[in-house]
Student: 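Please find one structure pasted underneath; my questions will follow.
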Amino acid sequence: SVLLYQKPNRDICQSGTSLKIQCVADSQVVSMFWYQQFQEQSLMLMATANEGSEATYESGFTKDKFPISRPNLTFSTLTVNNARPGDSSIYFCSSRVTTNSDYTFGSGTRLLVI
Amino acid sequence: QQKVQQSPESLSVPEGGMASLNCTSSDRNFQYFWWYRQHSGEGPKALMSIFSDGDKKEGRFTAHLNKASLHVSLHIRDSQPSDSALYFCAASETGNTRKLIFGLGTTLQVQP
């Protein structure tokens with residue numbers, strides 16, 4: 001299975017500012033997924049990012065608010081633009097090596113917007 | 001509508017007891033299932049996957065899938081306090097992207 005490393009682990013930012021979250025895989029993966037999780041709740045899929053193409057966003061998430069880059073097969077970044085207190089949550093990246101392997105998750109980035 | 005439904009919302013079992021969790025997909029495009037466990041402060045970790053009808057056993061964990069009804073269950077025998085966590089059922093679609101969609105989760109508490 002693939003290992004995913006996220007940074008930062010946690011961050012506090014002011015309302016109206018932007019924050020960038022990085023996800024690095026220890027092997028090449030085709031798709032990377034980004035999830036949002038509010039405290040003790042479900043994981044909501046935000047978008048799917050494939051190398052060299054625009055990310056595909058799920059309902060309720062937009063490119064303007066959460067731009068995602070995927071410059072190569074081991075790296076992705078999620079940006080939270082114009083952060084609001086309602087964006088305070090944990091953000092996870094996820095991927096898998098093959099279509100038969102488990103999806104693994106990074107350790108998450110806890111964001112607090114004040 | 002939530003594509004993946006889980007029940008119960010929370011569950012308490014005594015140490016050594018059996019915990020049973022349920023999950024149903026409402027979308028026939030999502031018929032590959034995983035069970036994930038998340039301890040507080042950590043990311044979710046895959047417990048097991050099940051893609052075919054019938055039972056799949058891994059140690060104390062047994063999953064059962066009925067593809068006709070898209071119902072999957074997870075049974076944990078000899079439950080331990082360390083099994084106390086948030087359990088998610090997740091389903092992936094059959095297309096090329098195969099994105100993974102999560103249910104709302106079941107909170108399991110194992111009482112020592």
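Keep in mind that what you see is a predicted model, and the values were worked out from it rather than measured. Letters go in sequence order (proteins before strands), and every chain restarts at 1.
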Student: Would you check if there is a donor-acceptor pair between the side chains of B/Ser10 and B/Gln109 at a distance under 3.5 Å?
Tutor: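 The criterion, which ignores hydrogens and geometry beyond distance, is not satisfied for B/Ser10 and B/Gln109.
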Student: Among B/Ala90, B/Gly43, B/Pro44, single out the residue with the greatest number of heavy-atom pairs under 4.5 Å to chain A.
Tutor: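 Between B/Ala90, B/Gly43, B/Pro44, the count favours B/Pro44.
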Student: Please flag which part of B/Gln38 lies under 4.5 Å from any non-hydrogen atom of chain A: side chain, backbone, both or neither.
Tutor: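 Answer is side chain: those atoms of B/Gln38 sit under 4.5 Å from chain A.
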Student: So what's closer than 4.5 Å to chain A heavy atoms on B/Tyr32: side chain, backbone, both or neither?
Tutor: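 For B/Tyr32, no heavy atom lies under 4.5 Å from chain A.
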Student: Can you measure from CG (A/Asn50) to OG1 (A/Thr56) and round to the nearest 0.5 angstrom?
Tutor: 7.0 Å
Student: Give, as side chain, backbone, both or neither, the part of A/Ser101 having an atom under 4.5 angstrom from any heavy atom of chain B.
Tutor: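 Interface part for A/Ser101: backbone (N, CA, C, O).
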Student: Are the side chains of A/Ile68 and A/Met46 in touch, meaning some heavy atoms are under 4.5 Å apart?
Tutor: no
Student: Name the member of A/Gln41, A/Gln6, A/Gln39 that forms the most heavy-atom pairs with chain B at distances under 4.5 Å.
Tutor: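 Max contact count across the listed options: A/Gln41.
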Student: Below 4.5 Å from any heavy atom of chain B, which atoms of A/Leu45 appear? Answer side chain, backbone, both or neither.
Tutor: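 The side chain, not the backbone.
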Student: Report yes if some heavy atom in the side chain of A/Tyr91 is under 4.5 Å from a heavy atom in the side chain of A/Leu19; otherwise report no.
Tutor: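 The answer is no, as the side chains (C-beta and beyond) never meet within the 4.5 Å cut-off.
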Student: Less than 4.5 Å to any heavy atom of chain A: does that hold for the side chain of B/Leu86, its backbone, both, or neither?
Tutor: side chain
Student: Could you check if a side-chain atom of A/Gln37 sits within less than 4.5 angstrom of a side-chain atom of B/Phe102, using non-hydrogen atoms only?
Tutor: no
Student: How long is the span from the NZ atom in B/Lys3 to the OG1 atom in B/Thr24, to the nearest 0.5 Å?
Tutor: 14.5 Å
